[in-house]
Protein chains: 2
Amino acid sequence: MTDDGSRVTALDRVLELTVLLGRDMATSLAASGLTVARTTLLWQLRATGPTTQRALADALGVSARNVTGLVDGLVAAGLVSREQHPADRRATLVTPTARGEELLDELGRGQAELAGQLFGGLSGERLEGLVSALDDVLERLRALVPHGAAVEEAP
Amino acid sequence: MTDDGSRVTALDRVLELTVLLGRDMATSLAASGLTVARTTLLWQLRATGPTTQRALADALGVSARNVTGLVDGLVAAGLVSREQHPADRRATLVTPTARGEELLDELGRGQAELAGQLFGGLSGERLEGLVSALDDVLERLRALVPHGAAVEEAP
DNA sequence: CCTACACCGTGAAGTCACTTCACGATAGCA
DNA sequence: TGCTATCGTGAAGTGACTTCACGGTGTAGG
């Protein structure tokens, strides 16, 4: 196969992975009554702690208005609460509830389990090669995309 | 790093790739007035030729009703046309128009270009390792997902 | 002090991708 | 000649997004 063909093949694999993984995440989250977008927000919260909606919007790369809706959903599900910002009365701090934290732990375990299922069959060497290659690709991709937000992953 | 940690890292990379690549595709397609879903359908058509909407629904793994809407959009954009099925008067054959074929060629070139930009920096050996590792992962993933549709990729 | 101006979150309205349910038209088989 | 399965689509609804407009608030500058 030509070099060019191999590269297209690689892109094909990555795209198929994208589709399948997206489907898997959507369905497994749906089983917990969650959606991908809301979970991404919750996951982000796990990394940053109580956060302003504006900051969440920037972190997720979506509009502030959209964050309002996502937080609405999470509040309705009892996973986060809106608290007043101590210094800025305009802002609200989105904070995980106890149930939210619990769920996050569960999601973290699910993520580890999935990682094991997907990559458990690869030798340490092959896994290392995969990660390093993906890092290279990601670097190039970040340069290509205008300026993507700080991307945090969800299980 | 522990094996387990490495696997989670790998999953993180894959998920970040997913997000970034999705963003890139959406924006670059939007520049041509297209959406990802519609383009996926058109791309599928390139592989199969004139196809029944029902078959498209199965191939893309979405409801038949959704295909109706996507085809509506593509027809409005002048990229496909609905022709009557020669043997079954219930069915319609979705067929790319000349402009649709043209656009598909363009998309194919764009895909090859993107593949070059993303994977051009990897040696043949590393690229081969990447594809082989992704194939392994995909196999496991396919076993995990109930029964995903035949996935065809779009640029 | 107080007047601009920038910023926070949200209502309103709209787009797109998706779903299920119901229904008319057709195909195919007993 | 009916029974039934199938093709496509209207109706209605959900979720993730967007932009635009607006009220409440912080933060300078004069």
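Proteins come first, then strands; the chains are lettered A, B, ... in the order of their sequence lines, and each starts at number 1.
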With A:Arg54 as partner, the option from A:Thr51, A:Asp58, A:Thr52 fulfilling side chain to side chain donor-acceptor pair (under 3.5 Å) is A:Asp58
Any donor-acceptor pair under 3.5 Å linking the side-chain atoms of A:Ser6 with those of A:Thr9? no
Separation of C:dC18 atom C1' from B:Leu70 atom CG, nearest Å, is 9 Å
Side chains of B:Thr18 and B:Glu16: is there a donor and an acceptor less than 3.5 Å apart?
no
Atom CG of B:Leu60 and atom P of C:dT19 are separated, to the nearest Å, by 10 Å
Side chains of B:Thr95 and B:Arg82: donor-acceptor distance under 3.5 Å anywhere? no
Between CZ of B:Arg89 and P of C:dG24 the distance, given in whole Å, is 18 Å
Scanning both residues in full, the closest heavy-atom pair of B:Leu122 with A:Ala133 reads CD2-CB, 4.0 Å
All heavy atoms of B:Ala112 vs all of A:Val8, minimum pair found to be CA-CG2, 4.1 Å
Given protein heavy atoms under 4.0 Å, the one-letter contact record of nucleotides 1-11 of chain C, with B base, S sugar-phosphate only and - none, is simply ------BSSBB
B:Leu29 CG to D:dC17 C1', in whole Å, measures 17 Å
From CZ of B:Arg23 across to C1' of D:dA16 the rounded distance in Å is 13 Å
Worksheet item: OP1, OP2 of C:dC18 versus side-chain N and O of B:Ser63: anything below 4.0 Å?
Response: no
Separation of C:dA27 atom P from B:Gln84 atom CD, nearest Å, is 11 Å
